[in-house]
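These notes concern the structure reproduced below.
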Amino acid sequence: QRSKAALHYTGRPLFETDKVGRVTWSNESFQELTKEHGKFSEGLDWICIIDEEEREEFLKEFSSCLEMCRRVDIETESVDGQKIHFLGYPYRITDKEHEGFLINIYKEN
């Protein structure tokens, strides 16, 4: 809990997903970023920050990372035309059970 508290106020947008990509936790920077691009409530709504033409390809690669439990490392374009980079790592609570991902978003200015 202390780690999440520290991450909550970092300047970088961070979010955590379950094993199918639904947001289970996000920090303040991530919440501000997604609010800029419409309503964000839960689930997969975070995809709204990705340019519509890029979403299908992004989701295909993201789904592959989820299924294979491998690192997410995807560069794409945001709805406002900026390059954004998703970098995330799977984590496990036990040796055999995949629980989710912690993902960092880098936005180029």
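Here the structure is a predicted model, which means the values were calculated and not measured. In this chain, residues are counted from 1 in sequence order.
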Out of curiosity, Asn27 CG to Leu14 CG, how far, rounded to the nearest 0.5 Å? 4.5 Å

Once you round to the nearest 0.5 Å, how far does OH of Tyr91 lie from SG of Cys69? 10.5 Å

For residues Asn104 and His85, is any side-chain donor paired with an opposing acceptor at under 3.5 Å? no

Start with the C-alpha gap between Leu33 and Trp46, add the side-chain angles, then the distance that decides, and say whether side chain to side chain contact (heavy atoms under 4.5 Å, CB included) holds. CA-CA 9 Å; Leu33 176 65; Trp46 61 271; over 6 Å; no

With distance as the sole test, does Ser64 use its side chain to make a donor-acceptor pair with the main-chain N or O of Lys60 at under 3.5 Å? no

Nearest 0.5 Å, please: how far is CD in Glu77 from CD in Gln82? 9.5 Å

Taking all non-hydrogen atoms of both residues into account, name the closest pair between Leu59 and Ile47 and its distance. CD2-CD1, 3.5 Å

Contact summary for Arg70 and Phe101, nearest pair of heavy atoms: O-CE2, 3.2 Å

Supply the atom-to-atom distance Thr17 OG1 to Leu66 CG, rounded to the nearest 0.5 angstrom. 5.5 Å

With sequence neighbours left out, the residues meeting side-chain hydrogen bond (donor to acceptor under 3.5 Å, both in side chains) with Asp51 are none

Side chain to side chain contact (heavy atoms under 4.5 Å, CB included) partners for Ile74, two or more places apart: Phe58, Glu61, Phe62, Val72

Ignoring hydrogens and angles, tell me if any N or O in the side chain of Arg12 forms a donor-acceptor pair with the backbone of Ser29 under 3.5 Å. no

Answer whether the closest heavy-atom distance between the side chains of Val79 and Arg55 falls below 4.5 Å. yes

Residues Phe15, Ile103; criterion side chain to side chain contact (heavy atoms under 4.5 Å, CB included); working and verdict: CA-CA 5 Å; Phe15 66 105; Ile103 300 174; 3.6 Å; yes

